[in-house]
Amino acid sequence: QGLRGRSGSLLRLGRRAEVVGVEPSLVPEVEGPPRSAGSALVPTQRSSGEALERPAASQGGDLQRYRGFDRSILRNRRGEIIGGDGQPEAPGAKELYKWLKSRGCTGIDNIHLRLGGGMALRKTSAKVSKEEEICYLPRQAWLLPAEDEDPASPEALAWRLLIECWREDASEFAPFVNHLRGINVSQHPIFWNKEEVNWIRASIEAWEAVTTCQAEADERVERLIERALSELGSRVVPESLREDEEALRRELRWAVCICETQGMEVEGDDGEAEVALIPLVGDLGCVSTREAGTGFGFLEEGGIQLLAGSTLKPGAELKQKVEAPNVWQLVNMGIVPGSEMLGVPSDTELIDANIDAHVMLQVPPIDPSDYPDPQKLQAKLNMLMEYADLDLIGPRPQNCPSNKYTFQLPQEAFGQGRLLPVYRFLLSDTDEPMGVEYQKSLNRSFRQYFQPCELDRYPAFEQTPEEEELDALEGGEKGRFVRQYNLDVEIDARKNVIRALGFAISEHQDAIEQIARATDLPNGSREGVMHFERGQVVLAHFKAKKVSGKTSKSKKPREARVLRVKDDMVRIEFLENGKRHEVPASWVVGAKPVPSAGLLTSGCTSERLERGKLAITLLRTERAIMSLYQSTWLKNVDDLEEKSAAYDKANKFADRTEANKIANSIQGFLDHELLPLTQDMEWMQPQSLAECPQLEQLLTGKDDPTRKMWNMPDIIGSYAPDDMTVLETGQVALGPIGEGEEEREADAVAETDSDAPEVPEK
């Protein structure tokens, strides 16, 4: 399966670890001011041979002043920090800090390894500005494969890790290895049993990735077993493990998983790729939203910097940004974005949890013998296999690769995607009998529908005189055509996609309910509301009173007992103080499950619960994406059918002006649907579902005009051109407004549309 880079890279793909959340040019290049005698200065070798001083990260314990009260911090009368930060540390953290400093690491006093996992900026440290160094980890602190081993082999790295583990306190990496021992990786798919793997069978991509991951892990374990049982292995493997092969296999599988989840691919001194276990890097949390994460800066001397992607206040959690789909993160890191949320997140929250999430939509197999004209359908399916690399012919063999009958959403939904063109091509037909002329018609139809997809190969077809003239005028390549739309085909194609989505959503729902029965985990609803009963102990937010006197939702939930459930409200009694509140049901974020006799008998362990939560979150996220596109296409079908009826009505009454207007609007919509999503267009899209503009709110004037709906700069200040002025009423006037321009300004204000909603003042 290969190692992942901490930036979301994968060893087997040949990528390098990159700077995440910040630009590569953030590695300090300029000599800083003179430092005090107590400062740590590390020389950085430049290409020109000069040695520049690299400013070390600010050390914890400095006298810092910032606003806000924290009872865990001790301050003097001037508000300066003089002690405190007695937060619980991870086991062995102090020994690890001391060892890292002895290895030349700087900025370690800024780091706080939390009890239970994760890493944060220590509360007694200074505020870290954007692009500033948090800490520095030189190559001397890295765990690498042995010198006589392949430096890019994850298997060699796992063997080196095991040797250092078996040396115990005699190992020079003992504090680091002991810290790795304390990391819980039992939820990783490498350890799933067959039943747990079958939980995600509805997601063909996830199921194939997990089974492949387990098969590759088994192969590595077998090769490591041969090493351990060899003459050389007998010198390093403890006697207790040599006598118990099952325990030895568990030990080897743990090492393989640690290298998979914690390993990082870097560039060696000779420019070749190598794998390494780098302290603290594996303790960073993960974020897959638009939020800036902690970045990495590689220095020519061989060390690595942790860089702040945004301004960090003392106590802030340190996270790396991982730009990868959910399935990749599950297989390579053992996590699924959204599974760490309290309670049951809604579908919208799951989609927003990972902006790179996608789903592979399976298309049901098509058996030509089930249709009136099997020969024509067989010819179309053969063309899809030859030119579009799609095998949709049924019955489908078990060894058929999934990429032959799946479509990636949202990437293949519009633009250059193949999903709609496939059904357009299958549904379009002519009255010509099978033969040469019918094949020519198929070639032209295929070229018309799949032209935006930019396939590697297309069938040849003859251009019409109109198309040849178009090529001559525009200087385009031979093979252009005049695109024509058949509204019935467009509507039927969308209905077939909706049917395929409905089948896949139903399979995902069945799998989610199966996991819920096996683990007693709540499957929740699409809105994220949990199901609970009277008398059940839950975790819920309470009504907190602000300084202004207003009542709002508390920041942290507390344990409470359910007294009454009515509609969307629930009355609860908090166990800590006995106070009773009536709060919305969505404020309940956790529930203590009612004991199940079946689960108590079968023994549902905490590891099984964690694996079930990962599986449910993965399937719910995929279901949410498919449901979003299903509702979108349902609305498309309704709009197209409504416009089709209006077009027929206009033709019936010989209203050619109205008919042409409707036809142009339909064609404009279908043309716009074929536009590819470029990098610039993607940057301008809303950052989350909550930021998408709602047409109904805009028409009624109820939408908040101060809310930024698109990721575009405001047309004010340095962004506005010299000849543009934004008026208070929202009107834009071209040309500067200076002396003698009052009438021009008044005219611009007077031209405001009287039917437009009033824009309230900010």
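Every heavy atom of this structure was used, including side-chain atoms; hydrogens, water molecules and symmetry mates were not.
Atom CG of residue L390 and atom CG of residue N403 lie 9.0 Å apart, to the nearest 0.5 angstrom. Interatomic distance, CD1 of I498 versus OG of S631, reported as 9.5 Å (0.5 Å rounding). In this structure, the separation between CE on M626 and OG1 on T621 is 10.5 Å, given to the nearest 0.5 Å. Distance check: H358 NE2 to E205 CD gives 3.5 Å after rounding to the nearest 0.5 Å. If you take CZ on R396 and CG on D367, they are separated by 11.5 Å, rounding to the nearest 0.5 Å. Atom CH2 of W328 is separated from atom CG of D356 by 11.0 Å, given to the nearest 0.5 angstrom.
For residues 330-339, the set of pairs meeting the salt bridge (charged side-chain N to carboxylate O under 4.0 Å, His left out) definition, not counting sequence neighbours, is empty. Sorted pairs that involve residues 501-512 and meet salt bridge (charged side-chain N to carboxylate O under 4.0 Å, His left out), not counting sequence neighbours, are lacking altogether.
Checked against ring-ring contact (aromatic ring centres under 6.0 Å, His included), Y405 has no partners two or more places apart in sequence or in another chain. Partners of Q375 under the side chain to side chain donor-acceptor pair (under 3.5 Å) rule, at least two apart in sequence or in another chain, do not exist in this structure. Evaluation of the salt bridge (Lys or Arg N to Asp or Glu O under 4.0 Å) rule for K404 yields D389 as partners, not counting sequence neighbours. Listed by chain and number, the residues in a salt bridge (Lys or Arg N to Asp or Glu O under 4.0 Å) with R656 amount to none (sequence neighbours excluded). Taking the side chain to side chain donor-acceptor pair (under 3.5 Å) definition, one finds that Q398 meets it with nothing, sequence neighbours left out. For Q514, the side chain to side chain donor-acceptor pair (under 3.5 Å) criterion is met by no residue, not counting sequence neighbours. In this view, E641 and K495 satisfy the salt bridge (Lys or Arg N to Asp or Glu O under 4.0 Å) rule, not counting sequence neighbours. Partners of F414 under the ring-ring contact (aromatic ring centres under 6.0 Å, His included) rule, at least two apart in sequence or in another chain, are W633. With sequence neighbours left out, the side chain to side chain donor-acceptor pair (under 3.5 Å) criterion links S339 to no other residue. Residues passing the ring-ring contact (aromatic ring centres under 6.0 Å, His included) test with F446 are Y387, F425, F450, sequence neighbours excluded.
A side-chain donor-acceptor contact under 3.5 Å links T211 to the backbone of W207. Counting only distance, with no hydrogens or angles, the side chain of E272 and the backbone of A152 share no donor-acceptor pair below 3.5 Å. Put simply, the side chain of E412 gets close to the backbone of R418: a donor and an acceptor are under 3.5 Å apart. For S288 (side chain) and V322 (main-chain N/O), a donor-acceptor pair under 3.5 Å exists by modelled atom type. Using a distance-only test at 3.5 Å, with no hydrogens or angles considered, a donor-acceptor pair links the side chain of E196 to the main chain of N193. Proximity of a side-chain donor or acceptor of N496 to a complementary backbone N or O of D492 within less than 3.5 Å is detected. For N326 (side chain) and A357 (main-chain N/O), no donor-acceptor pair under 3.5 Å exists by modelled atom type. The backbone N or O of A324 sits less than 3.5 Å from a side-chain atom of Q329, completing a donor-acceptor pair. Not a single donor-acceptor pair under 3.5 Å links the side chain of W199 to the backbone N or O of K194. At distances below 3.5 Å, not a single donor-acceptor pair connects side-chain atoms of R444 with backbone N or O atoms of K440.
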List the steps and the verdict of side-chain contact (heavy atoms from CB on, under 4.5 Å) for L426 and I366.
-> CA-CA 11 Å; L426 292 175; I366 301 173; 3.7 Å; yes

In sequence, state the C-alpha distance, the side-chain angles, and the governing distance for R220 and E260, and then conclude on side-chain contact (heavy atoms from CB on, under 4.5 Å).
-> CA-CA 12 Å; R220 292 180 186 174; E260 179 74 25; 3.9 Å; yes

Given side-chain contact (heavy atoms from CB on, under 4.5 Å), test M360 with S402 step by step and report yes or no.
-> CA-CA 9 Å; M360 302 301 293; S402 62; over 6 Å; no

Evaluate side-chain contact (heavy atoms from CB on, under 4.5 Å) for Q378 paired with I393, printing each intermediate quantity in order.
-> CA-CA 8 Å; Q378 184 69 46; I393 303 175; 3.5 Å; yes

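Between D648 and K652 no salt bridge is recorded (no basic side-chain N to carboxylate O distance below 4.0 Å).
Taking every heavy atom of both residues into account, R447 and P459 meet most closely at NH1-O, 3.6 Å. When every heavy atom of L619 is checked against every heavy atom of S203, the shortest pair comes out as CD2-CB, 4.0 Å. Closest approach of S428 to Y449, counting heavy atoms only: OG-CE1, 3.4 Å. What you find for D391 and C400 is that their closest heavy atoms are OD2-SG, 4.0 Å. Heavy-atom minimum distance, A659 versus N651: CB-OD1, 3.6 Å. For the pair L330 and H188, the tightest heavy-atom approach, listed with the atom from each and the gap, is O-NE2, 4.1 Å.
Between M385 and L381, every side-chain heavy-atom pair lies at or beyond the 4.5 Å cut-off. Contact of the L487 side chain with the Y647 side chain is not registered, since no non-hydrogen atoms from C-beta on lie closer than 4.5 Å. Put simply, the side chain of W192 reaches to within 4.5 Å of the side chain of I200, judged on heavy atoms. With a 4.5 Å cut-off on side-chain heavy atoms, L409 and L501 count as touching. The shortest side-chain heavy-atom distance between I666 and E490 does not fall under the 4.5 Å cut-off.
Checked options R623, E513, R620, E622; the residue passing with H508 is E622 (criterion: side-chain hydrogen bond (donor to acceptor under 3.5 Å, both in side chains)).
The 12-atom threshold is exceeded at CD of E386, counting heavy atoms of other residues, nucleotides or ligands nearer than 6.0 Å.
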